Amino acid sequence: MTTMRWWRGAVIYQIYPRSFLDTNGDGIGDLPGIVEKLDYIASLGVDAIWVSPFFRSPMADFGYDIADYRDVDPMFGTLEDFDRLLAKAHALGLKVMIDQVLSHTSIEHEWFKESRASRDNPKADWYVWADAKPDGTPPNNWMSLFGGVAWQWEPRRRQYFLHNFLASQPDLNFHNPAVRQAQLDNVKFWLDRGVDGFRLDAINFCFHDAQLRDNPPKPEALRVGRGFAPDNPYAFQYHHYNNTQPQNLAFLEDIRALMDRYPDVTALGEISSEDSLATMSEYVQPGRLHMGYSFELLTDDFTATYIRDTAERLEASMVDGWPCWAISNHDVQRAVTRWGNGDASDALARQLVALVCSLRGSVCLYQGEELGLPEVDVPYELLQDPYGRTFWPNFKGRDGCRTPMPWTDGEHGGFTGGAPWLPVVGTHRSRSVSRQENNAASVLNTVRAFLRWRRSQPALTEGGIRFLDTPEPVLAFVREKAGDRLLAAFNLSATPVDCSLELGAVTALHAPGIANGRLESGRLFLPAHGALYATLG
Ligand code: BGC
């Protein structure tokens, strides 16, 4: 029974284990590395961690291609290491969320090895198999998100199998009840081990249209999408049939019914569809998922109008649901680079953390965001991400946001004693944890001060939100909880601004390390990338 609801208004720190801390010198981060740095994470003032996949995998998609849902990949450690991670995190007051990648497996998974072997084995119907058209081409026009057609030929069965992502990530057939049960059993394995929740990867991709109908073409002007490579033909169609099928809802209800047998756990669904806000409002409801992970601020739009419109649309559509915001993750360019117009300043880094942590909802902060890390320009020769290699040079994939954490300004940023799987560059070493630790004004320490203060403000963690009419580049809103009203205002530009703002009595101005604006005679003054928080009378 979920009674405590720790996850409402929580700040969740996302760890990409490959790039967090390497303790065995193989150049790749590991679970003991996370254990070692849990004190650091707790010192940030976050409520929970979300650990990206660490399960057994051939790592074609760096862990999002799972070969065994119930084991830790030896590269990352052992199940015992995970238990130690869980115990220490809990002792520090941190909740632990893990990724569950239910919609597809790796081609190395035993289920797939069996399924691909023949058309009549016990697992023959566990994946999405279809005959070729008479001319040998794939059964329909579906495209893979990572480029090219979504069907791969399997000579053993003389059939195609569906892959919405890489050809080494075959989609499971959720129309088969045995598949649904097997995945629920995998989820239960981790609940029994004591995790506090899940980030459900690509959760709207579980079901496909059983009739395999063609997706309709999309007009050129509408071919835009979050994080899509610009030349990706995936954007050329409406994804009406390869994901977000109505049958998915009942499966979400099955997941929820299972989770409701465990106290105080949460499910955060990653939902990216033709109309993600509408899908989120359908998916995040009593009896379904607890939270929806919004993609809307992972875009290039950094204007007050866009942020306000997005938050207002989400408020209007998610009547019963609880949102979760992110501006950076392991799939998109880091926010200070994306939104900084070439100026990834400390002021912008501080402001972005404050802004995203002031919207109504929970928040996922991505490792390194607390340091103000910019995107790394990884040269083609060092690119690892297959998505980036396919679409280079117009799109360089996701390696630039996945480079290792700089812990020190020494060799490889203190991340590894070996050769790191992606480079640690100078601009990151100069923003390392050790460099920032002893500087009270650093991004790291202002983020800490801000998150500590945020915890003392119920209006920010739980209150409602109402936007104020302010001109660009000022974004201003009031968060309100049981009569306590807190103003938050941000200058999204790199030059100082002032505008009129009539608010009545202001009883206190707050300076949580980040705020540095002024309110005087009905005018609001904000320095470049400045912010202001005030309690209203
Ligand atoms: C994950 C990606 C991954 C994909 C396929 C996404 O939503 O965040 O990193 O490549 O799912 O599992």
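Counting convention: from 1, in listed order, for ligands and their atoms alike. Not measured: the values here are computed from a predicted model.
Counting the atoms of ligand 1 from 1 in the order shown, those under 4.0 Å from a heavy atom of His104 are 5 (C), 12 (O). Each of the following atoms of ligand 1 lies closer than 4.0 Å to a heavy atom of His330: 1 (C), 2 (C), 8 (O), 9 (O). Counting the atoms of ligand 1 from 1 in the order shown, those under 4.0 Å from a heavy atom of Arg402 are 9 (O). Heavy-atom contacts of Arg398 reach the following atoms of ligand 1: 2 (C), 3 (C), 9 (O), 10 (O) (cutoff under 4.0 Å). Those atoms of ligand 1 with a heavy atom of Glu270 less than 4.0 angstrom away are 6 (C), 7 (O), 8 (O).
Under the side-chain hydrogen bond (donor to acceptor under 3.5 Å, both in side chains) criterion, Arg180 pairs with no residue, sequence neighbours left out. For Gln14, the side-chain hydrogen bond (donor to acceptor under 3.5 Å, both in side chains) partners two or more places apart in sequence, or in a different chain, are Ser52, His330.
The shortest contact between atom 8 (O) of ligand 1 and any protein heavy atom is with Asp331 OD2, 2.5 Å. The nearest protein atom to atom 3 (C) of ligand 1, hydrogens excluded, is given as Asp61 OD2, 3.3 Å; this is a heavy-atom distance.
In this pair, Phe54 and Phe82 present their aromatic rings parallel. The plane angle is below 30°, not in the 30 to 60° band. Relative ring orientation between His109 and Tyr69 is described as tilted, the plane-to-plane angle lying within the 30° to 60° band.
The structure places CZ of Arg431 at 13.0 Å from CG of Leu444, a figure rounded to the nearest 0.5 Å.
For His239 and Tyr234, the gap between ring centers is short of 6.0 Å.
Remark: of the listed residues Phe174, Trp111, Phe165, Phe161, Phe165 is the sole one forming a ring pair (Phe, Tyr, Trp, His ring centres under 6.0 Å) with His104.
Evaluated by nearest non-hydrogen atom to atom 11 (O) of ligand 1, the leading choice among Leu200, Asp99, Asp201, Asp65 is Asp201.
At a 4.0 Å cut-off, at least one heavy atom of Phe146 sits close enough to ligand 1 to count as contact.
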